[in-house]
Protein chains: 2
Amino acid sequence: MGRWEPDARGRLLRAALELFAEHGYEATTTAQIADRAGLTKTTLFRLFADKREIVFQGQGELLALVTRGVDEALNDASAWDRMVNGVLVLSGAHAHEHRTTGRILDPILARSPELNERAVFKRSAITSALEGSLIGHGIDRWQAGALADLGIRAYYSGYDLWVAVDDSSTLADHVLAQITVLRGAAAQALEAAAPQPHPAGVRSADG
Amino acid sequence: MGRWEPDARGRLLRAALELFAEHGYEATTTAQIADRAGLTKTTLFRLFADKREIVFQGQGELLALVTRGVDEALNDASAWDRMVNGVLVLSGAHAHEHRTTGRILDPILARSPELNERAVFKRSAITSALEGSLIGHGIDRWQAGALADLGIRAYYSGYDLWVAVDDSSTLADHVLAQITVLRGAAAQALEAAAPQPHPAGVRSADG
DNA sequence: TACCTGATGCAACTCAGTCACATCAGATGT
DNA sequence: ACATCTGATGTGACTGAGTTGCATCAGGTA
């Protein structure tokens, strides 16, 4: 346990968020972060793979979560229901405190291309995990891809809404609502493409 | 024109691909690349924003392409047709030589997390460009998002197929085929979710 | 008291990326 | 020919991320 000051990771995270908010991400050095946390650069890099990971710590667990959600759906669940369950289990991982963190993080993230790139990568990793889990349950790979895109899109826009408002709502509430919205939108978009009952030939829009 | 040896960018790209293939991306230093190209590190970083961009040079133009494709669709084109046109114009940008480059690049890319992250970022940027263009034409934002995801997914899996086979087919051929496949798959996945014929009033997240 | 263990510090290192300044090859004008 | 202008390249020093081997230190155990 904590022989030295406890919770080195937490202290580093808080120090980093403070400094990022004050001076921006790029203008903050890892030495400064370690310094404010009462540690050294070496320890920082022992606890985090790189500077960006300070901000995204724990996102690795999300991959396991979404997979678990897909796996734990009922045996006769449809592809759609498996996807929904994956995204819902994913959403369940966020406590109310994450809302505050999200509010602090968002502007920092928006101003830093480097952080943005990592964020996109995490999103992609989660999407791939969802897609892979669905495929693992025998779902057609193209359906799995489309479902994963839709589900993760719902998750992220639900997250944005959840962070933006200030009520007692759960992340899962917003995500579920977004799934419904996106399902309707996707259906409408596809309807315009394939009005015939049997999805056959497409007319390309020659340029 | 070339007062010195011409085509510095091309020489650097070739040198980089050689070295990456020989020793891997991470094990190759920028100085080595510049050296083999008969240049210096400084010049390398004058021509490329960073080490990763050597491999992804020119992807920035793709954003403009997909936007142009969406813009140049017929005035009364449906949301779907605008998306298709955007993706097709995007596909038209690749000559046959890109196939060879793709074959060399793919294994390098697969072995390097760093390059992978950049690749994902580029994909995301193209998706956002497509989504934004569609929204700019008055298309509902949720539809735009879903359409962009589907279109770019078709583009990338079409690209994979195009690179994998060795015939006279065009990238656009494969992408178009993938759009059809994905449209069918998405329709099927949604059908299981919403069996009711009228996807009517969708309630947005309470806010 | 002696030992063990895991978390931390220290110092030196490599490499990506930046910058100010010098240089060099060719085009232009006289 | 000669001087000059211009843009592409080289030089060398610098910052900061990330790594590594070794020392140290706090606490638990015998």
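In this text, all values refer to a predicted model and were calculated from it rather than measured experimentally. Letters A, B, ... mirror the listed sequences (proteins, then strands); counts begin at 1.
The line from CG of A:D35 to OG1 of A:T30 is 10.5 Å long, rounded to the nearest 0.5 Å.
No hydrogens or angles were tested; on distance alone, a donor-acceptor pair under 3.5 Å links the side chain of A:K41 to the base of D:dG18. Taking only distance into account, the side chain of B:R46 meets the base of D:dG10 through a donor-acceptor pair shorter than 3.5 Å.
A:T29 contributes a side-chain N or O that, together with a main-chain N or O of A:Q32, makes up a donor-acceptor pair within less than 3.5 Å. B:R99 contributes a side-chain N or O that, together with a main-chain N or O of B:W162, makes up a donor-acceptor pair within less than 3.5 Å.
Contacts between residues 7-19 of chain B and DNA chain C, defined by a heavy-atom separation below 4.0 Å, involve no residue at all. If you check residues 22-38 of chain B against DNA chain C, the residues with a heavy atom closer than 4.0 Å are B:T28, B:T29, B:T30, listed by number.
At the phosphate of C:dG9, OP1 or OP2 sits under 4.0 Å from a side-chain N or O atom of A:T40.
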Exercise for the section: Please assess A:W80 against B:L190 for the test side chain to side chain contact (heavy atoms under 4.5 Å, CB included), listing each intermediate value before the final yes or no. Expected result: CA-CA 7 Å; A:W80 175 268; B:L190 286 178; 3.7 Å; yes
Output side-chain donor-acceptor pairs under 3.5 Å for residues 106-116 of chain A, partner residues at least two apart or in another chain, one line each.
| residue | atom | partner | partner atom | Å |
| --- | --- | --- | --- | --- |
| A:S112 | OG | A:E26 | OE2 | 3.1 |
| A:S112 | OG | A:E114 | N | 3.4 |
| A:S112 | OG | A:L115 | N | 3.1 |
| A:E114 | OE2 | A:R52 | NE | 3.1 |
| A:E114 | OE2 | A:R52 | NH2 | 3.2 |

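Rounded to whole angstrom, the span from the CG atom of A:D50 across to the C1' atom of C:dC15 amounts to 15 Å. Rounded to whole Å, the distance from CZ on A:R52 to C1' on D:dG18 is 10 Å. For the pair B:K51 NZ and C:dG17 P, the interatomic distance rounds to 8 Å; values are reported in whole Å. In this structure, the CZ atom of B:F45 is 14 Å from the C1' atom of D:dT15, given to the nearest Å. D:dT9 atom P lies 6 Å from atom CG of B:L47, rounded to whole Å. When rounded to the nearest whole Å, the span between CD of B:E114 and P of D:dG18 equals 9 Å. Separating the CG atom of B:L44 from the P atom of C:dT18 is a distance of 11 Å, rounded to the nearest angstrom.
The pair A:K122-A:E53 meets the salt-bridge criterion, since a charged nitrogen lies less than 4.0 angstrom from a carboxylate oxygen.
No more than 12 heavy atoms of other residues, nucleotides or ligands shown are found within 6.0 angstrom of CD on B:E61. For A:R9, the CZ atom sits in a packed shell: over 12 heavy atoms of surrounding residues, nucleotides or ligands are nearer than 6.0 Å. The number of heavy atoms from other shown groups lying within 6.0 Å of CZ (B:R68) does not exceed 12.
Set against D:dT9, C:dA11, C:dA20, the side chain of A:T42 has C:dA11 as its closest nucleotide.
Residues passing the side-chain hydrogen bond (donor to acceptor under 3.5 Å, both in side chains) test with B:E131 are A:R153, sequence neighbours excluded.
Axis angle between the ends of the helix from C:dT1-D:dA30 to C:dT30-D:dA1, five pairs each and rounded to 10 degrees, works out to 10°.
Among pairs with a residue in residues 23-62 of chain B, those fulfilling ring-ring contact (aromatic ring centres under 6.0 Å, His included) read B:F20-B:Y25, at least two apart in sequence or across chains.
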